[in-house]
Amino acid sequence: MYRRGASDAERGEPEPFFYQHYYHYRRGYDHARRRLRWGVPFDLSSLLWRVPLAGMLLLGIGYGALTLTDRQPEQPQPVAVAAPPTSPPVPTVTRTPIFPTATPVPTATPVALRSGGSAQVTNTGGRPLRARREPSLKAAVSAAFREGEELRVLEGPVEADGYNWWRVEGAAGAGWSAERSSEGNVWLTPLP
């Protein structure tokens, strides 16, 4: 609207509706009329704001060039602190870390099934744990141990049919029993 007002002023024909209702049209028209009255062939107002901006830009570039040159870094001045004439002895402070370091807690070594050790029958759901004559699912059953019974481990392990077999002995006799089920339930829990 400013440009339209300026062009209408150069022709000498203002648009009355635009002049009354549009600020930028009126401003462009008035500026152009003043320029023409003074006899200036082009609009100086558009150049006036560019000159200071260019000067400020050049000053900024010059200042930046001066600050980037090699200068000696400013050395901090030492501050003299006078000690009190008679100062009481300063107690030593023991610093403790915010997060204390973990101290290893002695843990019992895990007990594993071994020959000459003991085991307990667990996780059988109340059913007896069968012992076989050989470490195989096809071997005949030689003994059955109830849940919670303590057994003596005689030898093992022997891997067969996807199980680890141990030869154990209890009140009902001796035979080969699997250490755990195929789902991971431990049937022979080692005792210390």
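From a predicted model like this one, the values you see are computed outputs, not experimental measurements. Sequential numbering from 1 along the given sequence is applied to the chain's residues.
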Is [Y] reachable from [X] through a run of hydrophobic residues whose side-chain heavy atoms are each under 4.5 Å from the next?
X: Y19; Y: M1; value: yes
X: L129; Y: L113; value: yes
X: V153; Y: W187; value: yes
X: W176; Y: V168; value: no

Heavy-atom closest pair, residues [X] and [Y]:
X: S142; Y: G175; result: OG-CA, 3.7 Å
X: L151; Y: G170; result: CD2-CA, 3.7 Å
X: A139; Y: R132; result: O-NH1, 2.8 Å
X: A172; Y: A144; result: CB-O, 3.3 Å
X: A160; Y: P135; result: CB-O, 3.1 Å
X: G184; Y: R180; result: O-NH1, 3.8 Å

Partners meeting side chain to side chain donor-acceptor pair (under 3.5 Å) with [X] (sequence neighbours left out):
X: Q120; value: none
X: W165; value: none
X: E134; value: none
X: T124; value: E147

Is the backbone N or O of [Y] less than 3.5 Å from a side-chain atom of [X], with the two atoms forming a donor-acceptor pair by type?
X: S118; Y: R152; answer: no
X: E149; Y: A171; answer: yes
X: D161; Y: L137; answer: yes

[X]: ring pair (Phe, Tyr, Trp, His ring centres under 6.0 Å) partners, not counting sequence neighbours:
X: F145; value: none
X: F18; value: Y22, Y25
X: H24; value: none
X: Y23; value: none

Who passes salt bridge (Lys or Arg N to Asp or Glu O under 4.0 Å) against R34, sequence neighbours left out?
none
In Å, rounded to the nearest 0.5 Å, how long is the span from CD of E179 to CG of N185?
12.5 Å
Once you round to the nearest 0.5 Å, how far does OH of Y163 lie from OG of S181?
7.0 Å
Give the ring-plane orientation class for Y2 versus H31, where under 30° counts as parallel, over 60° as perpendicular and anything between as tilted.
perpendicular
In chain order, what residues pass the side chain to side chain contact (heavy atoms under 4.5 Å, CB included) check against R114, with sequence neighbours excluded?
none
Taking atom CZ of R130 as the centre, report whether more than 12 heavy atoms of other residues, nucleotides or ligands fall under 6.0 Å from it.
no
Please give the remaining members of the hydrophobic cluster of V186, linking ILVMFWY side chains under 4.5 Å, ordered by chain and number.
none
Determine all donor-acceptor pairs shorter than 3.5 Å in which one atom belongs to a side chain in residues 9-16; sequence neighbours excluded.
unit_1, atom_1, unit_2, atom_2, d
E10, OE2, R35, NH2, 3.1
R11, NH2, D8, OD1, 2.1

